[in-house]
2 protein chains.
Amino acid sequence: MEFAAKGFDGASTRSIAERVDAFQPQINYHFASKEALWEAAVDHLFGMLANAFADLPPLDTAEDPITLGHHVAEALRRFVHFAAAHPELNRIMVHEGTADSDRMRWMADRHVRAWHGNITAAWRSLREAGVAAPLDPDRVYWVIVGASSLPFVNAAEVRALSGDEPTDPSWVDGHADDIVAMLLPGLPTPR
Amino acid sequence: MEFAAKGFDGASTRSIAERVDAFQPQINYHFASKEALWEAAVDHLFGMLANAFADLPPLDTAEDPITLGHHVAEALRRFVHFAAAHPELNRIMVHEGTADSDRMRWMADRHVRAWHGNITAAWRSLREAGVAAPLDPDRVYWVIVGASSLPFVNAAEVRALSGDEPTDPSWVDGHADDIVAMLLPGLPTPR
DNA sequence: GTCTATAATTAGATAGAC
DNA sequence: GTCTATCTAATTATAGAC
């Protein structure tokens, strides 16, 4: 995706149209503007993210802390796998989150705030139960997202530096295991 | 910095010149091209990063694993503080690392590879000594950089989502403590 | 809806006065 | 070195034939 690779300003509607084998003016026919196209792309990516979690129990309904811990562990694994399969979402998020802009506020209010709130609340419960690493609930969202997604956001640099292919299933699984072990060291029988 | 905020393509030499109260053609007078200006900016930022670590002992000279652990802990704290003070570097890195390009390879070969190699090697020693979290040495670089830098790379989104000011010294210190505690749970008397 | 042509704006880079 | 003027190319968006 052009928005993910080059950012909003760097992506040209011509190159976007080329990718789908269309003509540049068709973007302005099907969408009101480049901005509207961007919003549609972000809605689509967050929709796919929600789908990837659709069959999981909500994080605010676990009966006991250990069960919540296992729910969070599974959610973390899902997030790692989603970031590996669809790095575009995290690329767009990290790009738009750098500066205060209308696009950043639109994305934060419409999509990110709910995820951020759920993770923060679940982490508070895990901390009280002593099953989570000693991370402040107000910061853990950024630790999770940063640590989980960076090798996929920067997959090209992973390849250049180590020769590893971070989208290999074994690499992704290993990374998910690492994230869970690091964040939930108190979870019994991790996997 | 314009390159950090908008990426290479999104940053215009006109807006860059405006920021330093200069005229756009002066960029092409003092630098050969926009690309040369970008390289000079990246060199400058990595130079500042190296300066921030200049007084620390090299990570390959520690006599015993516990001492190495404390050296790594201090290096992690330095990195968190640098990312908070100079988020431009990590913004440029995350932006350029997304796609295979000449700029990405230039940056990886000239600057990133040495840091990546040192961290990976130090982590192998820490793992053998049992003082580090169970993260694969081939992946830990991305966990460290992602978890440490994201709240500063996306400081605007942190403000929008939580109202926190991630550049507040107490926030930065707390984040550094979180990172060290998460990555080096086996370190005696952490801090 | 698709596609060509093109308008209006902005981009990086250069020329040349001072 | 500084700054104005400008060139060429690329940008988003629109008009209009089909």
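Just so it is clear: chains get the letters A, B, ... in the order the sequence lines come, proteins before strands, and each one is counted from 1.
Judged as a salt bridge (charged side-chain N to carboxylate O under 4.0 Å, His left out), and not counting sequence neighbours, the contacts of B:D100 are B:R105. Checked against side chain to side chain contact (heavy atoms under 4.5 Å, CB included), A:P137 has the following partners two or more places apart in sequence or in another chain: A:T120, A:W123, A:R124. B:D21 is linked by a side chain to side chain donor-acceptor pair (under 3.5 Å) to nothing, counting only residues two or more places apart in sequence or in another chain.
Applying the ring pair (Phe, Tyr, Trp, His ring centres under 6.0 Å) rule to pairs touching residues 44-66 of chain B yields B:F46-B:H111, B:F53-B:W115, sequence neighbours excluded. Contacts classified as side-chain hydrogen bond (donor to acceptor under 3.5 Å, both in side chains) and involving residues 140-151 of chain B (residues at least two apart or in different chains) are not found.
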Per-nucleotide protein contact string for nucleotides 4-16 of chain C (B base, S sugar-phosphate only, - none; heavy atom under 4.0 Å): BB-----BBBB--
